[in-house]
Amino acid sequence: MVAALHGYGLIHEGWQALADVEENGIHIDLDYVETTILKLDNRINTMRSRLDNTKFVKKWRGVYGHKFKWDSDEQLGDMLYNEMGLEPIKYTNDGGHTPSVDHETLELLSPKLPLLKGFLKMRKMSKCKDTYLAGILRETVDEYLHPFFNLHTVATFRSSSSKPNFQNMPIRDKMQGELIRRAFIPRPGRMLMEVDYSGIEVCIAACYHKDPNMIAYIKDPTKDMHRDMAAQCYKLPTEEVTSDIRYCGKNCFVFPQFYGDWFKSCAGALWASVDTRELVCTDGTKVRDHLGSHTINLDTLKKFEDHIEMVEDDFWNNRFAVYGQWKEDHYDEYLRRGYVDIKTGFRCGGIMQRNDVSNYPVQGAAFHCLLWSLIQVNKELKAAGLSTLIVGQIHDSIVLDVVPEELEQVLAIVRRVMCVEIRKAWPWIIVPLDVDVEITDIDASWFEKKKMGRAA
DNA sequence: TGTTCATGG
DNA sequence: TATCCATGAACA
């Protein structure tokens with residue numbers, strides 16, 4: 001019943017389905033947006049007055065006079081590194097000429113200059129006000145926001161979103177997530193639901209390289225790659241790995257390695273996280289003390305780098321040797337042919353960096369799983385005469401505005417299409433695909449979404 | 001117009 | 001040889 005879509009057809013039907021999504025639009029609490037902009041404006045002004053009384057800002061104003069600007073990174077860097085004589089920690093991407101003033105840097109400098117914490121808070125508030133709330137307000141018409149979902153802008157054949165970008169609304173920072181996502185509400189009497197593919201890029205990568213150990217990790221629910229890698233990186237037994245420690249293994253080692261990072265960079269990030277996240281084992285031991293207890297091998301960053309170099313070697317030449325070999329073979333194939341193909345019917349050509357050659361086909365095909373599903377779900381919702389609507393899409397997730405009475409039927413459609421039908425249409429998907437579902441109460445905002453149990 | 005920073009997957 | 005893909009605001 002579900003026809004296989006390929007290449008052009010996928011984009012054509014995807015574009016039609018996303019046009020429906022754009023037309024549907026998402027409901028916005030306009031009163032909330034307007035009052036929150038005013039509130040943030042006041043808070044930012046209050047913070048600025050407070051900072052105006054500090055020696056640092058007085059000096060800054062003295063140096064720059066009428067050219068003083070709160071948001072000038074160049075002026076801030078000049079004050080910190082020239083006027084105050086602070087030691088640069090890292091540099092911007094211009095060949096080592098400009099010392100950075102980004103969040104990580106200011107955080108590290110804040111013990112010497114506590115008011116920098118105020119600048120960091122101000123930046124977060126300004127971002128919320130000027131990028132997100134202002135964008136939502138500017139683009140909202142009659143209480144509905146209609147972000148664009150483009151299929152023609154991205155090198156990997158992923159989608160993008162603009163005016164406003166619906167795909168980078170804050171969520172990692174809880175305060176910012178709440179400020180912005182409270183603006184997104186369901187249509188009256190309805191609920192917002194978000195369905196996302198779990199670990200889709202890892203699953204799709206496995207369809208290319210077919211590494212048996214990776215496939216085992218995906219198929220066996222008792223196995224956990226990120227937990228195991230965190231344990232190996234921090235030299236811990238797996239029972240001592242907390243969700244915080246696992247998070248560091250995932251985001252400081254596993255994903256960077258997949259994208260082509262190398263051990264020195266990973267070691268630095270893993271090492272720094274021990275302190276910045278104050279990692280503590282299940283049994284209460286501090287990870288810093290645990291690493292210190294291995295003084296013979298791990299008492300310095302250099303020794304830790306050596307350790308992570310061995311972990312990296314084991315990762316690519318032992319644990320995921322087939323994956324590692326695929327990366328090499330795949331790159332050689334690109335050098336011979338001058339292009340790489342995506343399993344969903346697209347060709348990436350031209351001059352590509354080594355990492356791009358293995359990353360593009362995975363990123364593209366992973367998104368196409370979401371796109372294929374969105375097309376089918378959209379069709380089935382219409383065919384069944386349901387009033388539930390798709391109102392957004394974020395690379396590996398679909399956002400729906402759900403009529404409560406239709407919830408069970410919608411869930412059945414979504415799960416069948418996303419986990420079952422897609423594998424019939426695309427037999428090259430050789431691992432199971434799973435979804436996570438989050439949903440709000442009736443009339444509750446996007447911020448208040450909660451995980452939904454499998455039973456429901 | 002290009003750079004830096006901040007936000008997401 | 002050295003972390004992938006985006007959008008967007010402010011500044012110079």
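All values derive from a computational prediction rather than experimental measurement. To find a chain, count down the sequence lines: A is the first, B the second, and so on, and within it residues start at 1.
- Among the protein residues, A/Arg123 comes within range of the sugar-phosphate backbone only, with heavy atoms under 4.0 Å from sugar or phosphate atoms but none that close to a base.
- For A/Pro170, whose side chain is taken as the heavy atoms from C-beta onward, the closest listed nucleotide among B/dG8, B/dC5, C/dA9 is B/dG8.
- In this structure, A/Leu120 atom CG and B/dC5 atom C1' are separated by 12 Å, rounded to whole Å.
- Of the side-chain N and O atoms in A/Ser162, none sit less than 4.0 angstrom from OP1 or OP2 of C/dT7.
- Whole-Å rounding puts the A/Phe184 CZ to B/dG8 P distance at 13 Å.
- Backbone-only contact: A/Ala155 has heavy atoms under 4.0 Å from sugar-phosphate atoms and none from a base.
- Nucleotides of DNA chain C nearest to A/Trp70 and A/Asn150 differ in position, and the one nearer the 5' end is that of A/Asn150.
- Rounded to whole Å, the distance from CG on A/Leu371 to P on B/dG9 is 19 Å.
- Among the atoms of the strands shown, only primed sugar atoms or phosphate atoms (P, OP1, OP2) are found under 4.0 Å from some heavy atom of A/Ser161.
- Considering only side-chain atoms of A/His103, the nucleotide from C/dA6, B/dG9, B/dA6 that sits closest is B/dA6.
- For the pair A/Lys129 NZ and B/dC5 P, the computed distance is 21 Å after rounding to whole Å.
- As judged by a 4.0 angstrom heavy-atom cut-off over every strand, A/Ser100 is placed among residues touching the sugar-phosphate backbone only.
- Looking at heavy-atom distances under 4.0 Å, A/Asn168 makes contact with a base.
- Contact annotation for A/Lys124: backbone-only contact, meaning every heavy-atom pair under 4.0 Å involves sugar-phosphate atoms and none involves a base.
- Counting only heavy atoms from C-beta on, A/Asn165 has its side chain closest to C/dT7 among C/dA2, C/dT7, C/dC5.
- Closest heavy-atom contact between A/Ser161 and A/Gln167: N-OE1, 3.2 Å.
- A/Gln176 has a side-chain polar atom (N or O) that falls below the 4.0 Å cut-off from OP1 or OP2 of B/dT7.
- Backbone-only engagement by A/Asp94 is indicated by non-hydrogen atom pairs under 4.0 Å involving sugar-phosphate atoms exclusively.
- Proximity of A/Arg158 to the phosphate of B/dG9: no side-chain N or O atom is located under 4.0 Å from OP1 or OP2.
- Nearest to the side chain of A/Val154, among B/dC5, C/dA2, C/dA6, sits C/dA6.
- OP1 or OP2 of C/dA9 lies within a sub-4.0 Å distance of a side-chain N or O belonging to A/Arg138.
- When each of B/dT4, C/dC11, B/dG8 is scored by its nearest atom to the side-chain atoms of A/Arg172, the top-ranked nucleotide is B/dG8.
- Which of C/dT7, B/dG9, C/dC11 sits closest to the side chain of A/Asp71 comes down to C/dC11.
- Considering only side-chain N and O atoms, A/Gln75 lies under 4.0 angstrom from the phosphate OP1 or OP2 of C/dA12.
- Residue A/Phe255 is classed as having no contact, given no heavy-atom separation below 4.0 Å to the nucleic acid.
- A side-chain donor-acceptor contact under 3.5 Å links A/Asp94 and A/Thr92.
- Note: A/Phe315 and A/Phe258 have tilted aromatic rings, judged against thresholds of 30 and 60 degrees for the angle between ring planes.
- In this structure, A/Glu201 reaches neither bases nor backbone, as no heavy-atom distance under 4.0 Å exists between it and the strands shown.
- With respect to A/Glu438, the side-chain hydrogen bond (donor to acceptor under 3.5 Å, both in side chains) criterion is satisfied by exactly one of A/Lys449, A/Lys451, A/Lys450: A/Lys449.
- Two residues are said to be in side-chain contact when any heavy atoms from C-beta on lie closer than 4.5 Å; A/Cys348 and A/Thr156 fail this criterion.
- Within the 4.0 angstrom heavy-atom criterion, only backbone atoms of the sugar-phosphate kind lie near A/Glu74; the bases stay farther away.
- Nearest nucleotide to the side chain of A/Ser160, out of C/dA6, B/dC5, C/dT3: C/dA6.
- No side-chain donor-acceptor contact under 3.5 Å links A/Glu421 and A/Trp372.
- In this structure, A/Leu151 places its CG atom 18 Å from P of C/dC5, rounding to the nearest Å.
- One finds no side-chain N or O of A/Tyr132 lying less than 4.0 angstrom from the OP1 or OP2 phosphate oxygen of B/dT7.
- Counting any heavy atom pair closer than 4.0 Å across all strands shown, A/Thr131 reaches sugar-phosphate atoms only and no base atom.
- When each of A/Gln393, A/His368, A/His152 is tested with A/Ser159 by the rule side-chain hydrogen bond (donor to acceptor under 3.5 Å, both in side chains), just one qualifies, namely A/Gln393.
- Residue A/Val362 is out of contact with every strand shown, counting any heavy-atom pair closer than 4.0 Å.
- Where stacking is scored as ring centres under 5.5 Å apart with planes under 30°, A/Tyr259 does not register as stacked on the base of C/dT3.
- Put simply, A/Thr156 has no side-chain N or O that comes within less than 4.0 Å of OP1 or OP2 on C/dC4.
- We find that CG of A/Asp130 is positioned 13 Å from P of B/dT7, with the value rounded to whole Å.
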